[in-house]
Every structure is written in structure tokens, then in C-alpha cells.
Amino acid sequence: MVLTDPYGRPLLNLRIALTKPCNLHCSYCHGEGEDKNIENPTREMTCEEIIRIAKIATSLGISRIKLTGGEPLLRKDILQIVKGIASLQGLEELSMTTNGTLIAPIAKELHANGLKRVNISLPTIDGETYCKLTGGRLDDVLEGVKAAVEAGLNPVKLNMLILRDVNDHQIFEMIDFARETGAILQLIELEPINISWEYYSAYYKPLDEYEEMLKQKALKVENRRFMQNRRIYHLPNVKVEVVHPIENTDFCQNCTRLRVTSDGKLKPCLMRNDNTIDILTPIRKGAKDEELIALFKLANQRRQPYNKNK
Ligand code: SAM
């Protein structure tokens, strides 16, 4: 059984924020659309609570789960969380998005515990630019990318968020780096969430012109409908995916996701915080599975394409 929302979109993916804090401070970070000002450590979900939510999700036909944050690898119990979710019946794929700075020492264990694939945020391979953008050390991530590939996480995708006049001239260097390491490069357009309008206007760069260049170099171009209609360019020995949600009605029309915020709320849309549903409080009050299933169904009913009127 798969749930379908009022717009006919199947619910196939769950994106769980495991924690709110991050060890980096990326200037562009949308923080998964969570309200940045609310920080309540007692509301962080325990390993058991996260696995229970994931179990309800898989019982409702959700087959793909992505762990995110904050930085998911700040969780001391990350291996337990991964193992618990990976063993759930009906789950086809467990993945993670991470800044990659902490992954090198545990990449093998993550894979052994059931993590299939990973997205590593890497906006640049220039050390100085990396430090300015994120506050972190580039070498830590590069080591992480190599360790993830070696551990057998597959694919390893490099999330390169494009910022005008900051890293947009580095795309072809990044394509070479992805090819050398055996990773896939994912180009991401800046979204105006949790950043100032000034920041967005200064750094937003549409990706259309790169798509034109990629099309010319590609051996094959693929269109993935249930991955927000993204295009995948098969260049010689490397793939490049392009994600551009803004002003792209297809992005919302083909959305198959629900989110769980780091404080345990079901979040039907990345762009909105006015229609979330608290699932953690009922869990802590001893709710039965049927009650949690009803909350998931309600959250699914609240899913609607954000761009539907554009
Ligand atoms: N700390 C982890 C990381 O760095 O991947 C997980 C959280 S981070 C918010 C998840 C993803 O969101 C990253 O791949 C990042 O590139 C993307 N992202 C962050 N801010 C964004 C923005 N303003 N627009 C589009 N994507 C963004």
C-alpha cells in the first residue's frame, strides 16, 4: 500500500532530521526549512523514537528514507539509528546527507549497518572558499568523500550548491573531481529559505545556462520524474544531476516526500512551517501505532505543491 495525497502524488520518501546542531556554519544553509530560532534539546528524538517513526512510515509504503540534520553524524548513536532503520521491512533504500567532515572514520561501519548511499555537501574544492562558506576544513571533507567511496557507499553524490561569483566558475573542476573519485556531481540551485532576501538576490544563479553546456557534452540525458523531474547528464565517466526547484512547477508536482523535523514534527513541505504535525508528543504520551498512522495520513493529506499557483 502506498499513500497518495490529494494531488495524486504518491508518498514514497521520508527525510528525517536527526538533530538541529551542525559543526559547520554554511552561509546559505536553509536548515531543512526548520524555524531557525527554536532550539529545544529536550525535543531531540531518541534513537527508539526515530526508529518507531520510520517503522510507521515503512508500514505505510514509504520505501526510501534519508537522514539529515543539522549534521546527522553529530549523533553519538548514529550507527544504532542506521541499523534500526535499515532492518525495517519494506525499506528499499536508506541514505544520508552530511557535510562529510566526520564521515571518514565511520564510513565502513555506516555501510555495514545498512546505509546504502550518501550525499556529501561540497560547494567547492578550493580550500579558502570552502572555509569562507562553511567555516570548515576542506581536507576533512575530501578525506570523507574518498572514505565513503572506498567503504562501498554507492552512489556518493557531491551536493554542490551554486552561488553566483563564488563557485559558479568551478563547476568543470568539480566535474573532474567527481570523475576522479567515482562520485556523482549534483548541482543545486539556491533556495530562498532561512536566508535573507539580500543574500538570495546577491548569490542566486539560475542553472539553465549550465544545463545547455552539459547537454552539449552529454552522451545521454535522463529525466527522473519521481526525483523532482531532475535531469541527469551522462558525461564520459561521470554523471551530473541538476536540481533546480525555484520557479519549477515540475519540482513540486513530482514531490513524493514527507519530512520529520529535528523536534519530531511531520512536515509536509520544505517551504512551510504552518502545517506541521507534532508526532513526538503523542509518542511520549504513549500513543498506539494506529494513532501515529492517523497522524501520518493527516500529514499526507496536507501535502500540496507549493508552486501549484505559479
Ligand atoms: N549538514 C548536512 C549537510 O551539509 O548535508 C545536512 C543538512 S543540509 C541543510 C542538507 C542539504 O541542503 C545540503 O546538501 C545543502 O547543499 C542543501 N542546502 C542547504 N541550504 C540550501 C539552500 N539555501 N538552497 C538549496 N539547498 C540547500
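Numbers here simply count residues along the sequence, with the first being 1. Indexing begins at 1, ligand by ligand and atom by atom, following the structure's order.
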Min heavy-atom dist I188 to ligand 1 below 4.0 Å: yes

Assess whether a salt bridge exists between D168 and R164, defined as any Lys/Arg side-chain N lying under 4.0 Å from an Asp/Glu carboxylate O. no

Apply side-chain hydrogen bond (donor to acceptor under 3.5 Å, both in side chains) to residues T124 and Q170 and explain how you reach the verdict. CA-CA 7 Å; T124 171; Q170 296 170 354; 2.6 Å; yes

Using a cut-off of 6.0 Å, state whether more than 12 heavy atoms not belonging to E209 lie near its atom CD. yes

Could you tell me whether T97 and ligand 1 have an N or O pair separated by under 3.5 Å? yes

So, does E189 sit close enough to ligand 1 that a heavy atom of it is under 4.0 Å from the ligand? yes

E44 with R75: basic N within carboxylate O range, under 4.0 Å: yes

For ligand 1, which atoms have a heavy atom of T68 less than 4.0 angstrom away? 6 (C), 7 (C)

Look at atom 22 (C) of ligand 1 and say which protein heavy atom is nearest, naming residue and atom and giving the distance to 0.1 Å. H30 CD2, 3.5 Å

Return yes if a side-chain donor-acceptor contact under 3.5 Å exists between S95 and R15, otherwise no. no

Residue, atom and distance of the protein heavy atom nearest atom 24 (N) of ligand 1 read E191 N, 2.9 Å

For R15 and ligand 1, does the shortest N/O to N/O distance drop below 3.5 Å? no

Between N119 and ligand 1, which residue portion shows a heavy-atom distance shorter than 4.0 Å: side chain, backbone, both, or neither? neither

Proximal candidate to atom 6 (C) of ligand 1 [heavy atom criterion; set S121, G70, G33]: G70

Is the shortest side-chain N to carboxylate O distance from R284 to D278 below 4.0 Å? no

Quick check against the 3.5 Å criterion: does R257 have a side-chain atom that pairs as donor or acceptor with the backbone of L270? no

Give the residue, atom name and distance (to 0.1 Å) of the protein heavy atom nearest atom 8 (S) of ligand 1. E32 OE2, 4.1 Å

Should you measure from each heavy atom of N99, which atoms of ligand 1 turn up under 4.0 Å away? 2 (C), 3 (C), 4 (O), 5 (O)

Judging by distance only, is a nitrogen or oxygen of N159 under 3.5 angstrom from one on ligand 1? yes

Would you mind checking which non-hydrogen protein atom is closest to atom 23 (N) of ligand 1, with the distance to 0.1 Å? Y28 O, 2.8 Å

Derivation of the side-chain hydrogen bond (donor to acceptor under 3.5 Å, both in side chains) call for E71 and T98: CA-CA 6 Å; E71 175 46 47; T98 166; 2.8 Å; yes

Does the side chain of N23 pick up a donor-acceptor pair with the side chain of T101 at under 3.5 Å? yes

Presence of salt bridge, R52 and E49, under 4.0 angstrom: no

State the atoms of ligand 1, each with its element, that fall below the 4.0 Å cut-off from a heavy-atom position in E71. 1 (N), 2 (C)

Any idea which part of L161 is under 4.0 Å from ligand 1, heavy-atom wise: side chain, backbone, both or neither? side chain

